[in-house]
A.B. asks: 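Quick one: the structure is below, questions incoming.
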Amino acid sequence: MAEISATSFPSSSSAALAFRSSHNGYLSVRHFSSAKFTGSLRCQNVACPRTTSPFQELSVRKSQLVGIVHVPGSRGCKKQAIRAVLSGDEQSVVAADSKGAGLRGKLKKVVLAYSGGLDTSVIVPWLKENYGCEVVCFTADVGQGIKELDGLEQKAKASGASQLVVKDLTEEFVKDYIFPCLRAGAIYERKYLLGTSMARPVIAKAMVDVAAEVGADAVAHGCTGKGNDQASNWNVRFELTFFSLNPELKVVAPWREWEIQGREDAIEYAKKHNVPVPVTKKSIYSRDRNLWHLSHEGDILEDPANEPKKDMYMMSVDPEDAPDQPEYIEIGIESGLPVALNGKALSPATLLSELNTIGGKHGIGRIDMVENRLVGMKSRGVYETPGGTILYAAVQELESLTLDRESIQVKDSLALKYAEMVYAGRWFDPLKESMDAFMEKLTETTTGSVTLKLYKGSVSVTGRTSPNSLYRQDISSFEGSEIYNQADAAGFIRLYGLPMRVRAMLEKGI
């Protein structure tokens with residue numbers, strides 16, 4: 001598809017049409033009087049109907065065209081914008097007012113997921129240039145660290161944003177996103193505790209809320225489709241949430257539209273538009289951090305045979321360097337959710353934060369895995385989840401007291417699907433929400449406490465107790481019991497083994 005916007009101008013104006021092949025570089029540039037062109041060209045079959053001047057006809061074939069073509073109309077006419085949209089050999093032309101429109105169309109106001117880094121800094125002027133819109137930057141605090149929030153407002157406004165909205169989502173993130181996954185026992189592909197997967201929907205939901213507050217008609221994000229920004233993961237998680245919560249919002253993903261190919265192109269664009277370039281030391285790793293975890297990808301990790309470097313880790317010490325003395329902690333749990341540490345009731349975010357400190361000190365929660373992306377490709381990542389690893393061990397252990405065999409089996413089977421849906425960005429899917437209701441009902445009796453021993457990277461359960469425990473010492477004891485009679489086992493075994501016995505009789509002709 002190609003797109004042309006044409007606007008009438010005085011006959012003295014001129015234009016240069018640049019024809020580019022499917023590869024990089026321009027093949028030729030032709031100048032026309034009475035016309036003006038801005039943009040880049042990639043075109044198949046594009047033609048503007050002749051009016052009063054032979055130079056008003058534009059015909060381009062065997063490539064693709066993207067850009068803005070300004071063509072003078074007949075005498076006395078007002079300025080008009082003509083957009084030609086071509087698909088194959090078909091062409092439709094739509095007239096529109098060009099006032100305030102950008103190179104790619106017109107949006108009123110866009111809420112941009114903003115980090116203050118190079119990519120999102122250049123997206124601000126790009127949105128204004130291409131969509132003629134006001135840009136409201138949005139930053140979510142999900143526990144990534146206060147340093148990442150310093151000076152953001154100045155950076156955003158220097159880039160051209162009208163304002164910066166910052167929301168502290170840490171408590172909501174832990175209470176409404178992390179804890180439901182914890183209660184469900186959701187672990188993706190046996191190892192991944194879904195740190196990034198859980199953070200995207202809470203951020204996207206907040207963006208939808210901000211869009212409503214400021215009257216925006218679109219949202220934008222800077223996911224690149226590479227590394228941690230894998231199109232199969234981050235983009236999908238953001239955009240499925242947008243679609244679920246407000247399908248009328250337009251979604252702009254600049255990395256799918258613009259011609260900026262990398263860091264150097266972005267720096268050049270920033271300089272051209274007087275955007276302050278963030279002066280930071282570029283990490284050799286692609287990282288994502290929030291209160292739940294820290295992920296590492298890229299560099300030597302791209303070869304799954306390479307051992308991660310010791311200095312890569314940031315949330316946890318090397319287990320070899322951890323204290324030589326173990327530390328015992330007690331986690332209090334109510335209805336499947338942690339509520340206290342060592343007898344002290346804490347808010348969800350505070351509890352997790354303290355466990356991150358304790359677990360990190362003992363080298364807890366390091367995971368090195370090769371995972372399957374949504375589209376099927378494999379990716380190697382290293383994750384640090386100290387507090388989360390402790391909480392998973394505690395909650396699952398308490399369930400061993402409060403849930404029966406069939407309940408645990410069904411819960412574990414659903415946990416696999418639950419994790420898959422969260423990983424794929426389907427947080428607000430009706431099926432996932434239905435599973436939440438099931439998990440909440442099933443774990444309503446999972447109340448009690450679990451004692452854990454932390455030592456050099458390991459988490460060991462040393463004790464568990466619950467007022468709703470299905471464990472009865474008087475029944476389970478090897479000593480005599482009035483409830484459990486050893487002689488009852490004989491009849492049970494004969495009945496339970498009947499199918500196997502009948503098959504054996506058939507095979508032996510009995």
A.B. asks: May I ask you to decide if His293's main-chain N or O and Asn290's side chain share a donor-acceptor pair within less than 3.5 Å?
C.D. replies: yes
A.B. asks: Is there a donor-acceptor pair closer than 3.5 Å between any side-chain N or O of Asp321 and the backbone N or O of Val317?
C.D. replies: no
A.B. asks: Side-chain contact, heavy-atom cut-off 4.5 Å: Ile203 with Val142?
C.D. replies: yes
A.B. asks: So which heavy atom on Val395 is nearest to which on Pro338, and how close?
C.D. replies: CG2-CD, 4.4 Å
A.B. asks: Are Lys271 and Glu268 within salt-bridge range, i.e. N to O under 4.0 Å?
C.D. replies: no
A.B. asks: Do Val122 and Trp126 have side chains that get closer than 4.5 Å, going by heavy atoms?
C.D. replies: no
A.B. asks: Evaluate the criterion side-chain contact (heavy atoms from CB on, under 4.5 Å) for residue pair Arg289 and Met315; output intermediate values, then yes/no.
C.D. replies: CA-CA 10 Å; Arg289 184 168 189 165; Met315 288 184 72; 3.6 Å; yes
A.B. asks: What is the minimum heavy-atom distance between Arg380 and Ile300, and which atoms define it?
C.D. replies: NH1-O, 4.1 Å
A.B. asks: For a quick test of reading the model, state the closest non-hydrogen atom pair linking Val124 to Ser159 and the distance between them.
C.D. replies: CG1-O, 3.4 Å
A.B. asks: Measure across Pro386 and Asn356 and return the closest heavy-atom pair with its distance rounded to 0.1 Å.
C.D. replies: CG-OD1, 3.6 Å
A.B. asks: Within the side chain of Lys128, is there an N or O that forms a donor-acceptor pair under 3.5 Å with the backbone of Val135?
C.D. replies: no
A.B. asks: When you look at Thr120 and His221, which way does the side-chain contact (heavy atoms from CB on, under 4.5 Å) test go after all the steps?
C.D. replies: CA-CA 8 Å; Thr120 54; His221 61 80; over 6 Å; no
A.B. asks: Yes or no on side chain to side chain donor-acceptor pair (under 3.5 Å) for Glu371 and Ser379, after CA distance, side-chain angles and deciding distance?
C.D. replies: CA-CA 5 Å; Glu371 67 195 71; Ser379 174; 5.5 Å; no
A.B. asks: Quick one about Tyr383 and Asp368 (side-chain donor to acceptor, distance below 3.5 Å, no hydrogens or angles considered), yes or no?
C.D. replies: no
A.B. asks: Spell out, as yes or no, whether a donor-acceptor pair under 3.5 Å connects the side chain of Lys109 to the backbone of Val214.
C.D. replies: yes
A.B. asks: Any side-chain hydrogen bond (donor to acceptor under 3.5 Å, both in side chains) pairs touching residues 209-219, not counting sequence neighbours?
C.D. replies: Lys167-Glu213, Lys205-Asp209
A.B. asks: Give a yes or no on this: more than 12 heavy atoms of other residues, nucleotides or ligands lie within 6.0 Å of atom NZ of Lys361.
C.D. replies: yes
A.B. asks: Report, one line per pair, each donor and acceptor closer than 3.5 Å where one atom sits in a side chain of residues 171-178; sequence neighbours left out.
C.D. replies:
unit_1: Glu171; atom_1: OE1; unit_2: Ala349; atom_2: N; d: 3.2
unit_1: Glu171; atom_1: OE2; unit_2: Ser347; atom_2: OG; d: 2.7

A.B. asks: Would you confirm whether Glu384, through its side chain, and Ser316, through its main-chain N or O, come within 3.5 Å as a donor-acceptor pair?
C.D. replies: yes
A.B. asks: Hey, mind stepping through Val110 and Val136 against side-chain contact (heavy atoms from CB on, under 4.5 Å) and telling me if it holds?
C.D. replies: CA-CA 6 Å; Val110 177; Val136 175; over 6 Å; no
A.B. asks: Has the side chain of Asp299 got a donor or acceptor atom that lies under 3.5 Å from a matching backbone atom of Leu301?
C.D. replies: no
A.B. asks: Side chains of Asp288 and Thr196: do they bring a donor and an acceptor to under 3.5 Å?
C.D. replies: yes
A.B. asks: Does Tyr114 have its ring centroid less than 6.0 Å away from the ring centroid of Phe138?
C.D. replies: no
A.B. asks: Measure from the side-chain N and O atoms of Ser244 to the backbone N and O of Leu240, and report whether any donor-acceptor pair falls under 3.5 Å.
C.D. replies: yes
A.B. asks: Just wondering, do Arg190 and Ile187 contact through their side chains at under 4.5 Å, heavy atoms?
C.D. replies: no
A.B. asks: I'd like to know if the side chain of Ser197 pairs up with that of Arg237 as donor and acceptor (distance under 3.5 Å, no hydrogens or angles considered).
C.D. replies: yes
A.B. asks: Between Lys157 and Glu153, does at least one N-O distance fall below 4.0 Å, as a salt bridge requires?
C.D. replies: yes
A.B. asks: Can a salt bridge be assigned to the pair Lys378 and Glu302 using a cut-off of 4.0 Å between side-chain N and carboxylate O?
C.D. replies: no
A.B. asks: Does some side-chain heavy atom of Met439 sit less than 4.5 Å from a side-chain heavy atom of Pro180?
C.D. replies: no
A.B. asks: Do the non-hydrogen side-chain atoms of Gln163 and Val165 ever get within less than 4.5 Å of each other?
C.D. replies: yes
A.B. asks: Could you check whether any side-chain N or O of Lys250 sits under 3.5 Å from a backbone N or O of Ala220, counting only pairs where one atom can act as donor and the other as acceptor?
C.D. replies: no
A.B. asks: Looking only at heavy atoms, what is the nearest atom pair of Glu257 and Val252, with distance?
C.D. replies: OE2-CG1, 3.8 Å
A.B. asks: Could you tell me the separation between the CZ atom of Arg183 and the CG atom of Asp436, rounded to the nearest 0.5 Å?
C.D. replies: 6.5 Å
A.B. asks: Within 45° of the six-membered ring axis of Tyr313 and under 6.0 Å from that ring's centre, is NZ or CZ of Arg366 located there?
C.D. replies: yes
A.B. asks: Between Lys432 and Asp429 (salt bridge meaning N to carboxylate O under 4.0 Å), is one present in this structure?
C.D. replies: no
A.B. asks: With distance as the sole test, does Ser286 use its side chain to make a donor-acceptor pair with the main-chain N or O of Gly298 at under 3.5 Å?
C.D. replies: no
A.B. asks: For Asn246, is there any backbone N or O sitting under 3.5 Å from a side-chain donor or acceptor partner on Glu248?
C.D. replies: no
A.B. asks: Report the relative orientation of the aromatic rings in Tyr188 and Tyr423; use parallel for angles under 30°, tilted for 30 to 60°, perpendicular for over 60°.
C.D. replies: parallel
A.B. asks: Go through the steps for Lys309 and Tyr285 under the test side-chain contact (heavy atoms from CB on, under 4.5 Å), then give the verdict.
C.D. replies: CA-CA 11 Å; Lys309 293 180 179 179; Tyr285 300 105; 3.9 Å; yes
A.B. asks: Please step through side chain to side chain donor-acceptor pair (under 3.5 Å) for the pair Glu259 and Tyr269, ending with a clear verdict.
C.D. replies: CA-CA 10 Å; Glu259 296 183 354; Tyr269 186 90; over 6 Å; no
A.B. asks: What pairs with Asp311 under side chain to side chain donor-acceptor pair (under 3.5 Å), at least two apart in sequence or on another chain?
C.D. replies: none
A.B. asks: Work out which heavy atom in Ala424 is nearest to a heavy atom in Val236; give both atom names and the distance.
C.D. replies: O-CG1, 3.2 Å
